[in-house]
Structure formats: structure tokens, C-alpha cells
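See below for the structure under consideration.
Keep in mind that the numbers below use all heavy atoms, side chains included, and drop hydrogens, waters and symmetry copies. All values derive from a computational prediction rather than experimental measurement. Within every chain, numbering begins at 1; the chains are lettered A, B, ... in the order of the sequence lines, protein sequences first and strands thereafter.
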Amino acid sequence: MDPTGRFWATAGAGALLAALGVIFARPELVVGAAAVGAILLARQYAFVQTLRGLDADLAVELVTDAQYVRRDGTTEVTLTVGVPSATPLPLAVTASLPVIAGSVDREARTVVLEPGDESGTATFELKWPVVGRATIPAPTVSVTDAFGLFTESFQRGREATVRVEPRQPQNVHVGEGGDAVSAAFGGHRADQRGQGTDPAELRQYVPGDSVSNIDWKATARLAYPHVREYEVETDRRTVLVVDHRGRLAEGPEGETKFDYLREVALTVAAAADSANDPLGLYAVGDDGLTLEEQPSTTSEHYRELRTLLHGLEPTEGSGTGAIATQGAVAARRAATTLTDDDTAFGRTLRPYFDRTEGYVRRMDDDPLFGTMRTYVDRLGSDHWVLLFTDDADRPRLRETIRLALANGNHVVCFLTPSVLFERGGLADLDDAYQRYADFESFRRELAALDRVTAYEVGPGERLSALLSDGRRR
Amino acid sequence: MTASADSASVSDISPSASPTATWLALAAVVLGHVGLLVVFPDGTGLVPVVVLEGGLLAIAAGSELLFGGRDRGTVGVLGFAWLLLVGGAVLATRVWDPLIAAFALVCVVALLSYALHRVELVALGLVEVADERE
């Protein structure tokens, strides 16, 4: 209970009477002070009693229309206050805001009930610009007595919790024909026997085997010298070819085709890091190659690749690449040098270095195909080429994969079906299912190629919804 | 993770009684006792004081009934408090020095007020239990 200015003015008047009574030695004024004290006590008692009754009758409810929201999303919050027997005192109920929520005018989130009112509601929209878990505290009830001498504030109702999630792909599906698969990266079996850590088989000793390979326990048990062999593990030289052309920006903000592909690429990069597989990265924008990182196994390299992947964004048609790499910097330096070079050599080369900003190399042809032909092809054989793109240009993609296979490489293709990302793509489920079936037949066609594995990548919920509807039909 | 600064909303509400109603009883008490001094400059007997206090109690009770929610219980408490404090003050000033009587009066009012404050905190569940605080 907090005294107000009116209370202190009244108490001050009583104190003044008492003081004057003492100063002038007039007991009547002291008696007057006692009368003021009686008025204050009676009003305080009345406030306490009324407040107890009101609290027993008061119902406060705070409801949000969603417990999960994406960053920058909004939730509708409804504050309902009810006093079935009508409130005897003026009261205000205010919803407080978590720190990570956007601001809302206090009037908009306050319900004010005048004496005699039975209920009131306030509805307001709350924006969530920061990711995290937020608790909307229980609303604060503020009451004042009839004469404005006292106020009281206390919390009633329940708090509400809202989880704000980042705008990034949720439930990333990687699979085949709607069935999720878990791709294995890391220690890779070579189907060879020799030195290693995983036991493979036990066989009889033959002349020529090293004595150090004899398994003495098995020899004692089997009464003949036996040799234990181990699974030979190999490093898988892996190259990520990431398509970040403009068309991969299709989809809701934070959940575009490219966002899903990037999640998979980051997972692959982390797996390669833990398995110590040499990992390279080539990123392809609309006008050519934007990143070139040769395979390497240093920890700084893996970290750098992850940073580069995080920084990649879909390019715009004739714009610049998202990230200038060492190669792009070198290309710009060369272009600058050639600007001042008036020799025949300089004049001949200059056109090839024009407009190279942000790109390691511009390509007039299909940049993905050009990258595969110019860069990946020269890496040598026995690489695992992981291609991240969509299904928009199927004939060209087919050629690109065939080219990647040329040196005996293996190709793992991660494709985003366009139908899962188009705005209103699932509005006509019949048509959407047909398009997905078309995509699936294309994926199978690719997967049927020797040394090619093809996976679909996309939002799991949308794909499940599409497939369940298709199966029901 | 909550914002605490903006939770109070007392400014959104105003008392149901007007300021005039709030000050009515107080003004009557002050003016009545000052008037008593003017009418009886050499001191008063018990009867004028009782008559005056009875009249002031009637004004205060009427003010409570008119503007304070028509609660007879409050009027009863007012009468009891009036009897206790005013009667006690009359007796105290006749027995003790006015200074001691005034001091005793202030102490009694403060103690009763604080007791009501604690009762309210307990009734609304706003008191922290010592074990929980630790």
C-alpha cells in the first residue's frame, strides 16, 4: 500500500494541529489531530477491506495467440479482466513487456475499469525482433481507494511464455522420394584390409605376414598362428560446389532454397572437419565463380569455409558476387594493372578482366557448368563432388553432373524441388504433387547414373503435407 | 527477462470521489477545532468538545457514506476509531502534558496504520516468507 499526496496532505494537517496544540498549549487542537487520525485509519481500513473483496473476485487472463514465433514476427496478446460482482474501486490492469519484445503504448495494453464495471479487454500486437525465450510477466493490477489516499499494485493472472526462433530453415529434409536419409561422412570404408583401428577379420598366418600382426590371444585359442587384419580407412577428398545464383533466393525470407542448401552444406563441412576429410569449396553466382577454396585439412581452413558459407547470399543477375575471395582480389588487382598497360599484351587481355568485381571469373556460359569444367575437372580423380543447386535447369544440370563424373569422381547432388519453395506452390495440391512427382523422376534419373547419388532438400513439413495429400488421393 | 519499469499504471486511474469530497471532512475538522479556539479563547469545558466532536463525526460519516462506497462497516470503524482516538486524546491531554499526549497519539495512529498495511500485504499474498527469501 502506497500513500499518495492526498494522504500526506491530510496527515500533515493532523500533524500541524498537534504541533499547534503543543505550541499554544491548547488540548483542543491535539484532539482535532486525533480526529484526523481517525479519518485516515477508517479510510485505510475501508481500502484494505474493499481490496480483499476485489482480489477474491478478480479474474485476470493473459493469452497469446502463439507460443512460437519467428524473429520479426508478431503475436496477438489479449488481456482480459473480469470482476463478476462489479468492481467497487477504480482499477487498471497492465500487461508488462519482456525486454526482447518491441514496445507497445501502455494505453494499448492496459484495461481500466471504473467502479461498477464488470469486465474489460485489451488486445495488442507484440513484435519480436530478438531471438530468445521470453516470459510475459503476470499483469499488474493497480488500485486506488475512493478518496485517492492510497494505491496498491500487485500481480495477478499467469505469465505467458513465447519462444522466438530465428528465421532459418526448420526441419531440413534431406532424402529420397520423401524418405529422409542420413548421409554418412567421416571415416570411410575402403573395402581394403591393412592398418587401421577397426578390426576386420582374423585369418591364419601365411608366410610373408609381419610377426607383429599376429594376434597372440587368437593364436593361443586356436592353436595355430593367426593374424588380425584391420579395416583401412581413407580420407574422402570432398569438394562443395554451391550454387547461389539469384533463382535460389526463392522462398520465404530465411527459408529460401539457398538457406536450406546452406544448412546441408554446413553440416557436410562440419562432418568433413570431424573426419579430417580434405574439403574444398566453389561457389557459383549468376555471372560466374565467386569463391574458390582448394581442398585442405587445416582447422583454419574448415573454419574459413564455414564462415564463407555463412556469408554467402544469392547473387543478383548482373550484380557482384557476395564475397570477394583471394582469387577475386587477385583478379581485380590484375584488372587494375592492365588498365595502365598500353602494350598489345595489355590491350588483348583487358576485356577479359573487365567487370570482375566480386567474381573470381565471369562466365558467359552456364556458370555452374563452366565451374565444373574449368575448376573441378582439373582437381584430379577420386574426388567426391557435392553439388548444391535446384532443379530449375535440368538439361544443363544433367550435363554438369556428367562432366563432374569425368575423372572418376563421385557426385552427390543435393537438389531443392522448386515446387516446395514457390509462393502459393501448394495452393493447387494436384498440380503440386504432379510437379513433385516430375522432380522425383528427374532425381531418380540422376541417381541411376553410375557414381551419382541424388538427394532432395527442402522443408520437411511442406513435403510431408504434399506427400500425405498425394497418397490420400 | 522482464521489463519492470513500466508495470505501474496508477496514473491511468483516478479516485471515484472528487477532491472536494476528499477534503470535506478534513476541512470540517480543522475549521471546527480552530473555531473552538476562537469561540473559547480561555479554554473549553468537556461539553463543547463533545458536541463539536459529535458534529464532526456526523460530517465525516456522511462523507464516507456519500462518497466512500456506502459501506456501513466503514462508518462503524470510523465511529470506533473516533471514539478511541478522540476519547483517548481528551483523556490524555487532561492527564499528561500536551506534548506527551500528542506524541502518544502519533505513535498510536502510526502503529495502527502500519498494522493495517501488514494485514493488507498478507491478505494479498505480497509478503515474502523469510525461508524463501534466503
remark   = One option among B:Val86, B:Val90, B:Val34, B:Ile100 has the most heavy-atom pairs under 4.5 Å with chain A, and it is B:Val86

inquiry  = For B:Leu78 versus A:Ala38, what's the shortest heavy-atom pair and its separation?
reply    = CD1-O, 3.8 Å

task = Side chain from CB out, backbone as N, CA, C, O: work out which of these in B:Leu56 comes under 4.5 Å of a heavy atom of chain A, or both, or neither.
result = neither

note = With chain A, the option among B:Leu84, B:Leu85, B:Val30 that has the most non-hydrogen atom pairs under 4.5 Å is B:Leu85

key: Rounded distance (nearest 0.5 Å) linking atom CG of A:Leu40 with atom CG of B:Leu116   = 11.5 Å

remark   = Residues of residues 44-70 of chain A with a heavy atom under 4.5 Å from any heavy atom of chain B, in residue-number order, are A:Gln44, A:Tyr45, A:Ala46, A:Val48, A:Leu51, A:Arg52, A:Asp55

query = Would you call A:Arg43 and B:Ser63 a side-chain contact if the rule is heavy atoms closer than 4.5 Å?
reply = yes

ask   = Top residue by heavy-atom pair count (under 4.5 Å) with chain A, among B:Leu37, B:Leu83, B:Val119, B:Val49?
value = B:Leu37

ask   = Side chain, backbone, both or neither: which part of B:Leu126 has a heavy atom under 4.5 Å from chain A?
value = side chain

task = Would you mind telling me which of B:Pro98, B:Pro48, B:Ser113, B:Gly79 has the largest number of heavy-atom pairs within less than 4.5 Å of chain A?
result = B:Ser113

note = Here the pair of heavy atoms bringing B:Pro15 nearest to A:Gly148 is CG-CA, 3.3 Å

query = Who wins among A:Gly21, A:Ala34, A:Ala13, A:Pro27 for the most heavy-atom pairs under 4.5 Å with chain B?
reply = A:Ala34

request  = Report, as yes or no, whether the 6.0 Å neighbourhood of atom CZ on A:Phe124 holds more than 12 heavy atoms from other residues, nucleotides or ligands.
outcome  = yes

request  = Below 4.5 Å from any heavy atom of chain B, which atoms of A:Ile23 appear? Answer side chain, backbone, both or neither.
outcome  = neither

inquiry  = Quick check on the interface: out of B:Leu99, B:Val106, B:Leu57, who has the most heavy-atom pairs with chain A under 4.5 Å?
reply    = B:Leu99

request  = Please list all pairs passing the side-chain hydrogen bond (donor to acceptor under 3.5 Å, both in side chains) test where one or both residues lie in residues 78-97 of chain B, with sequence neighbours left out.
outcome  = B:Glu53-B:Trp82

key: Backbone N/O of B:Trp23 and side chain of A:Arg6: donor-acceptor pair under 3.5 Å   = no

remark   = Answer key: most heavy-atom pairs under 4.5 Å with chain A among B:Val77, B:Val108, B:Val109, B:Leu121 is B:Val77

inquiry  = Looking at every non-hydrogen atom in both residues, tell me the closest pair between A:Glu28 and B:His33 and how far apart they are.
reply    = O-CD2, 3.1 Å

remark   = Between A:Ala35 and B:Val29 the two heavy atoms that sit nearest each other are CB-CG1, 3.9 Å

ask   = chain B heavy atoms under 4.5 Å from A:Leu17: which part of the residue, side chain, backbone, both or neither?
value = side chain

inquiry  = Between A:Pro88 and chain B, with a heavy-atom cut-off of 4.5 Å, which part of the residue counts as in contact: side chain, backbone, both or neither?
reply    = neither

key: Shortest non-hydrogen contact from A:Ala18 toward B:Ala102   = CB-CB, 4.3 Å

